[in-house]
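To start, the structure itself, in structure tokens.
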Amino acid sequence: MNVSVVDLSENQKKLQVEIPAEKVQQEVEEKYRETARKARIKGFRPGKVPRGILKSYYGKTIEQEVSSGFIQETFPQALREKDLKPLVEADISESHFEDNGSFTYTAIIDVCPPFELEGYRGLEVVRPKDEFREEQVDLELQHIREQQAVLRAPESDRPARQGDVVMVDFTPFVDGAEIPKGAMKDYMVEIGRETIHPEFDKNLTGHSAGDVLSFEADYPDDAPNKDIAGKKVRFEVTVRDVKEKILPELNDEFAQAVESRFDTLDALKQTIREQLQRRQKEKMEADMREQVTNRLLEKVKIELTPKVIEREVDRLIAGLRRQFEGQGLKIDTSRFNSPGIRAEYRPQAEKNVLQQLIFEKIADLEKIELTEDETEQVFRDIARFARTDVATVKEEYGDSALVEQARENKIQEKVLDFLKEEAHYTEASEQEESSPSGA
């Protein structure tokens, strides 16, 4: 085949491929012979249908099959021959059979423009403070106690007080008109949580089941609900029931009730402590990764075509859709593809693509590759995810985009580790001390 490239811009190329007439005609002839053996046309015996008749019936289909086959077969070869690496799936803009019998097609390729990258060693990174505090263990224990709490009727016939859970019916009004969809039935309010409004909890205190009350509450201008932002809301409330919330005692029996593997409260505390410390470490690592990426993005300017960014937006939105569907949430996921949501995702999409390109360049410059063991780990990870064995993954998915993407992700992790090792760190406390404000 004959391959040529026309530069449309630094980030877009036109790839032109010509398949010689001899090869094209061989493939066309083979398709016609195959079709003739299978064709069933009234008035002709199988295998005896004249070429003109076959062409009138199947000519277009045969041309489509031949052209599609040639494109699938030769396109990867043409990319390798011209050392082109598409950032997204290419568009075949033209394809046709020439008068001389050859077949030609043209593809528009979106590529990464050439760019220089310097100073990626020794990036300035602020090491975040370790914000873990022992009090967090107590707070987490309290949260677990809240989850294990039971509701019961007060022992004495008393009105609602701080900490009680009150079931109410209520209707909110603004300027004398009921707020659309604002009325609630059998709504549970824990006095002190202030989930609706501080005035709501304050006015429930001291009331008993059967009481009917009315009160007003002022909402700030930045209230999330636009129907009530900056307005005075009047609530009409009926108290249905009052329950006392009983928290379990913090002892060994409590720990065993949380999970049978905990024999003592101290064992539960230690597990909570380790989980919180691990989360804090992961948070700090994520912060430093973000800093490394941002420092790199500040050092280089890469112009990408809109198509490249939009494809990454597609990927991000598809991930969001899968997340909702995986949780079994009934929502019209097509709304995720609205212009507004796409605009929100576009900055992150551009950042993702730029990071990938920069990391690929660093991997190339530093000769960062996967070892045999790391490659095997990629196959093991995919096998575990697909619930199959490694041999099956290698045989059925060895050359797939799934495996290639997993390899690239693994290499990016190694690049990030390299950059973190080479970075110059400043402790957060040092930066604060050198700040004029001390903040």
Side-chain angles (χ1 to χ4, degrees), residues 1-41 49-114 303-315 317-318 337 342 349 353 356-357 360 396-405 408:
M1 63 179 177
N2 299 317
V3 184
S4 62
V5 175
V6 176
D7 290 337
L8 301 180
S9 65
E10 284 196 326
N11 54 26
Q12 202 168 62
K13 313 296 179 184
K14 179 187 288 187
L15 181 72
Q16 297 174 317
V17 181
E18 179 183 13
I19 312 299
E22 181 180 358
K23 187 173 182 179
V24 173
Q25 294 312 306
Q26 287 177 354
E27 184 66 19
V28 170
E29 286 297 322
E30 177 58 32
K31 286 291 182 183
Y32 269 110
R33 285 195 294 269
E34 181 181 334
T35 303
R37 290 193 298 268
K38 298 178 180 179
R40 296 293 182 267
I41 299 177
V49 182
R51 171 62 65 88
I53 300 297
L54 284 174
K55 188 172 183 178
S56 65
Y57 274 82
Y58 304 106
K60 290 294 183 183
T61 300
I62 289 174
E63 284 189 359
Q64 290 175 358
E65 290 178 357
V66 170
S67 61
S68 177
F70 275 131
I71 291 172
Q72 292 182 22
E73 175 188 350
T74 63
F75 185 61
Q77 299 173 13
L79 291 176
R80 287 192 295 270
E81 180 178 322
K82 294 301 180 180
D83 194 27
L84 291 176
K85 298 178 181 179
L87 296 182
V88 292
E89 181 181 341
D91 292 326
I92 306 300
S93 57
E94 299 175 17
S95 65
H96 52 272
F97 292 89
E98 304 289 353
D99 293 337
N100 63 6
S102 64
F103 172 71
T104 63
Y105 66 90
T106 300
I108 304 301
I109 313 293
D110 296 273
V111 299
C112 176
E303 291 294 336
L304 301 172
T305 62
K307 179 181 176 182
V308 173
I309 305 302
E310 293 307 315
R311 287 299 172 85
E312 178 62 12
V313 171
D314 291 340
R315 191 188 69 81
I317 291 177
N337 211 26
R342 293 189 69 86
V353 178
Q356 179 181 345
L357 295 174
E360 285 177 358
E396 297 184 5
Y397 305 102
D399 297 325
S400 68
L402 175 66
V403 172
E404 184 60 29
Q405 183 63 54
E408 290 177 2

Does one side chain, of Gln72 or Ser68, offer a donor that lies under 3.5 Å from an acceptor on the other? yes
Can you find a side-chain donor-acceptor pair between Ser93 and Tyr105 that sits under 3.5 Å? no
Measure the spacing between CD1 of Ile109 and OG1 of Thr305 and express it to the nearest 0.5 Å. 11.0 Å
With rounding to the nearest 0.5 angstrom, report the CD to CD1 distance, Gln25 to Ile19. 12.5 Å
Does any non-hydrogen side-chain atom of [Y] lie less than 4.5 Å from one of [X]?
{"X": "Phe103", "Y": "Ile71", "answer": "yes"}
{"X": "Leu357", "Y": "Leu87", "answer": "yes"}
{"X": "Leu15", "Y": "Thr106", "answer": "no"}
{"X": "Asp110", "Y": "Asn11", "answer": "no"}
{"X": "Lys31", "Y": "Glu65", "answer": "yes"}

Checking Ser67 side chain against Gln64 main chain: does a donor-acceptor pair fall under 3.5 Å? yes
Look only at the side chain of Lys13 and the backbone of Ser9, and say whether a donor-acceptor pair between them is shorter than 3.5 Å. yes
All pairs passing side-chain hydrogen bond (donor to acceptor under 3.5 Å, both in side chains) where residues 77-92 contributes a residue, at least two apart: Asp91-Lys307
Is the shortest side-chain N to carboxylate O distance from Asp314 to Arg342 below 4.0 Å? yes
Between Glu310 and Arg315, is the closest basic N to carboxylate O distance under 4.0 Å? no
Out of Glu94, Gln16, Glu18, Glu98, which residue meets the side chain to side chain donor-acceptor pair (under 3.5 Å) rule with Thr104? Glu98
Where do [X] and [Y] come nearest, in terms of heavy atoms and distance?
{"X": "Ala78", "Y": "Val17", "value": "CB-CG2, 3.9 Å"}
{"X": "Phe70", "Y": "Glu27", "value": "CZ-CB, 3.8 Å"}
{"X": "Ala90", "Y": "Ala107", "value": "CB-CB, 4.5 Å"}

Hits for salt bridge (charged side-chain N to carboxylate O under 4.0 Å, His left out) against Glu360, two or more places apart or cross-chain, chain-then-number order -> none
